[in-house]
Amino acid sequence: MSATSVAMLIVALAVAPGGLIASTLFLALRPERAQYPPLPPDLAD
Amino acid sequence: MTNRQPAAGGGRPGHPGRRGHPGQRQQWSGQWGFIISAIGSAVGLGNIWRFPGVAYDNGGGAFLIPSLVALLTAGIPILFLDYALGHRYRGSAPLAFRRLGGRFGRWVESVGWFQVMICFFIAVYYAAILAWAASYFVFSFDQRWGEDTVGFLVGQYLQTDGVTGGFLAPVAGVMAPLALIWAVAIAVMAAGVKRGVERANTIAIPVLVIAFGVLVVRSLFLPGAADGLNSLFTPDFAALTDLSVWVAAYAQIFFSLSIAFGIMLTYASYRKRRSNLTSPGLVVAFANSSFEIMAGLGVFSILGFMARQNGQTMAELAESTEITGVGLSFMTFPKVVSEMPGAAVFGALFFGSLLLAGFTSLISILQVISGALQDKFNLSEPKAALVMGLPVALISLAAFGTKAGLANLDVVDKYTNEVGIVLSAVVMMVVVMWVYRRGREFSHHLTALSTFPVGPVWRFLVGLVAPLVLGYILVMTVLGLLGEPYGGYDRWLVNLGGWGVVGLGAAVALVLPLVAWPRDPLDFQAYPAYGSEVGAADRPPLDDADRAASARGPVGGRPRREDLDESISKGAQP
């Protein structure tokens with residue numbers, strides 16, 4: 001493989017699986033808001 | 001003052017069913033149940049057989065740049081819009097648009113029904129491809145396709161030689177797996193969102209990732225794999241000045257993510273009210289892109305191997321061989337599988353992956369139809385599965401289990417995807433962002449429930465960039481299709497299976513809003529509140545059909561809206 005195609009492969013891996021890992025970690029660290037707007041008592045969640 | 005009634009949707013009258021008490025909507029088991037189901041929907045046949053070939057044809061490695069731009073400026077923003085619509089209005093596509101519309105909601109409901117009809121037409125042919133994949137999974141063990149894989153597909157398996165369309169003689173070899181696919185799909189739908197859709201995805205997606213992962217890793221070590229990858233990832237930066245490359249990138253992201261035709265909207269409606277929406281959306285979007293890259297690695301490693309076996313360069317191979325779609329999967333791949341060491345395992349992994357990826361997408365498409373029927377006609381999940389599944393399965397068997405299946409599939413696929421879905425997306429964004437101007441409300445909804453803000457940039461992208469790009473794609477596609485019949489097929493087939501299908505979808509979508517809802521669709525409280533939308537003074541009045549529904553009295557044990565208004569005005573808790 002040429003140097004440029006290897007570079008683009010690395011970019012692809014950094015963006016897609018890298019983005020997946022980053023977004024999953026972000027979600028795992030902050031899965032929900034610390035506090036949601038109050039839910040009216042008669043409204044099902 | 002707010003309308004304090006519980007949310008409409010779900011629950012049969014006096015029949016709690018599995019949804020708990022009447023009025024309670026089905027829900028995912030939790031955040032990851034939703035995420036894995038949404039990934040199952042997004043990751044489909046297109047990831048495996050479309051992305052690698054499109055990338056190769058549009059600048060190779062350089063295609064990553066427009067792909068990333070398209071993901072960030074259209075894919076993820078439209079995904080968030082789908083989530084906001086379904087989650088805020090707690091309903092299937094027709095119900096969500098009906099609630100969006102309020103006073104003049106009758107016609108807006110048509111947008112939702114059009115999305116349902118698009119799903120209907122996609123489901124009937126999508127299942128046929130899964131039936132082919134199931135057959136080829138079995139054929140892999142003895143490589144029944146032989147040397148002439150094209151002849152085997154069209155001559156022996158599909159028996160399509162010389163047949164250009166219509167409902168003709170059935171083909172038992174296609175009918176049997178197709179009937180089986182439909183039986184399993186209807187059973188999954190009948191089990192409901194949590195016990196059916198989510199459970200199926202929880203089993204299928206890990207198996208898919210492992211099976212396809214093994215296939216990709218093995219393919220990377222084939223002789224010639226590096227040549228294939230080199231041809232895929234070598235960037236042609238000059239291609240970035242070509243508008244058609246950018247259009248291809250937007251189209252690929254758009255078709256790949258299952259956005260704007262009701263799926264993500266419907267899935268989001270089954271999330272709890274207090275649910276993070278945006279971070280799971282990012283996980284789904286990047287998981288989809290990751291699978292595309294994974295498919296690119298696998299497919300082009302295998303094509304590189306094939307080129308070496310044939311003594312060709314990759315450019316020569318791409319000229320002489322199908323590298324996308326049905327041709328790639330059912331003509332090119334069987335040929336290369338036969339030449340591989342461990343052909344049976346390799347073939348089974350590929351066609352098994354195709355089957356699993358497609359099946360999880362099929363059930364998401366069916367959930368759009370099933371959810372709409374449950375909301376509109378007050379059906380339980382099993383009844384909706386049967387009312388939807390039997391007609392869809394019969395049409396699917398009649399149109400695609402016959403000798404004309406391949407031609408029918410090609411035409412219906414082209415028009416429902418490239419005209420129907422894109423039209424649905426453009427209309428959805430224009431209606432939400434420009435006609436009803438709900439951009440601020442939805443960005444408030446997403447921000448209030450999520451862990452990062454969604455503000456003016458998102459509104460700019462969904463309100464201007466995405467509609468303009470998709471509108472351009474739509475106009476160019478329609479002009480191209482009007483110029484000459486698609487694929488050289490007979491005019492009558494294109495008119496019936498192409499324009500006719502899209503037109504029928506639009507016609508049904510215009511008629512169904514005339515059918516009254518089982519309960520007042522506006523009898524609903526959005527959470528979290530935004531501005532004065534839930535104030536009684538601002539609440540839009542009922543139109544005739546909905547007033548008639550309301551006048552029939554309580555449905556599902558719930559009080560009428562007028563009664564509640566009265567009780568609230570008296571200071572009583574309903």
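Sequence lines set the chain letters: A, B, ... in the order given, protein chains first and strands last, and positions in each chain run from 1.
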Self-check item: Close side-chain approach of B:Q525 to A:P40, heavy-atom, < 4.5 Å
Solution: yes

Practice problem: Counting only heavy atoms closer than 4.5 Å, note whether B:L282 contacts chain A via side chain, backbone, both or neither. | Solution: both

Quiz item: Could you give the distance from CZ (A:R33) to OG (B:S275), rounded to the nearest 0.5 Å?
Solution: 13.0 Å

Quiz item: Which distance, rounded to the nearest 0.5 Å, do you find between the OG1 of A:T24 and the CH2 of B:W32?
Solution: 5.0 Å

Quiz item: Measuring heavy-atom distances to chain B, does A:Y36 have an atom under 4.5 Å in its side chain, in its backbone, in both, or in neither?
Solution: both

Exercise. Measure the CZ-CG distance between B:R25 and A:D45 for me, rounded to the nearest 0.5 Å.
Key: 14.5 Å

Quiz item: So, do A:V15 and B:L71 sit near enough that their side-chain heavy atoms are less than 4.5 Å apart?
Solution: no

Quiz item: With a 4.5 Å heavy-atom cut-off, do B:L229 and A:S5 have their side chains touching?
Solution: no

Quiz item: Going by heavy atoms in the side chains, are A:L27 and B:P280 under 4.5 Å from each other?
Solution: yes

Quiz prompt | From CA spacing to verdict: side chain to side chain contact (heavy atoms under 4.5 Å, CB included), B:L297, A:L9 | solution = CA-CA 9 Å; B:L297 293 173; A:L9 172 59; 3.6 Å; yes

Quiz item: What part of B:F291 lies closer than 4.5 angstrom to a heavy atom of chain A: side chain, backbone, both or neither?
Solution: neither

Quiz item: From B:S289 OG over to A:L20 CG, what is the distance, rounded to the nearest 0.5 angstrom?
Solution: 9.5 Å

Practice problem: Check whether any side-chain heavy atom of B:T451 lies under 4.5 Å from a side-chain heavy atom of A:F26, and answer yes or no. | Solution: yes

Exercise. Output the option from B:Q27, B:R274, B:K272 having the highest count of non-hydrogen pairs under 4.5 Å with chain A.
Key: B:R274

Exercise. Please look at B:S67 and chain A and tell me whether the side chain, the backbone, both or neither of the residue comes under 4.5 angstrom of a heavy atom of that chain.
Key: neither

Practice problem: Check each atom of A:P38 against the heavy atoms of chain B and say whether the ones under 4.5 Å are side chain, backbone, both or neither. | Solution: backbone

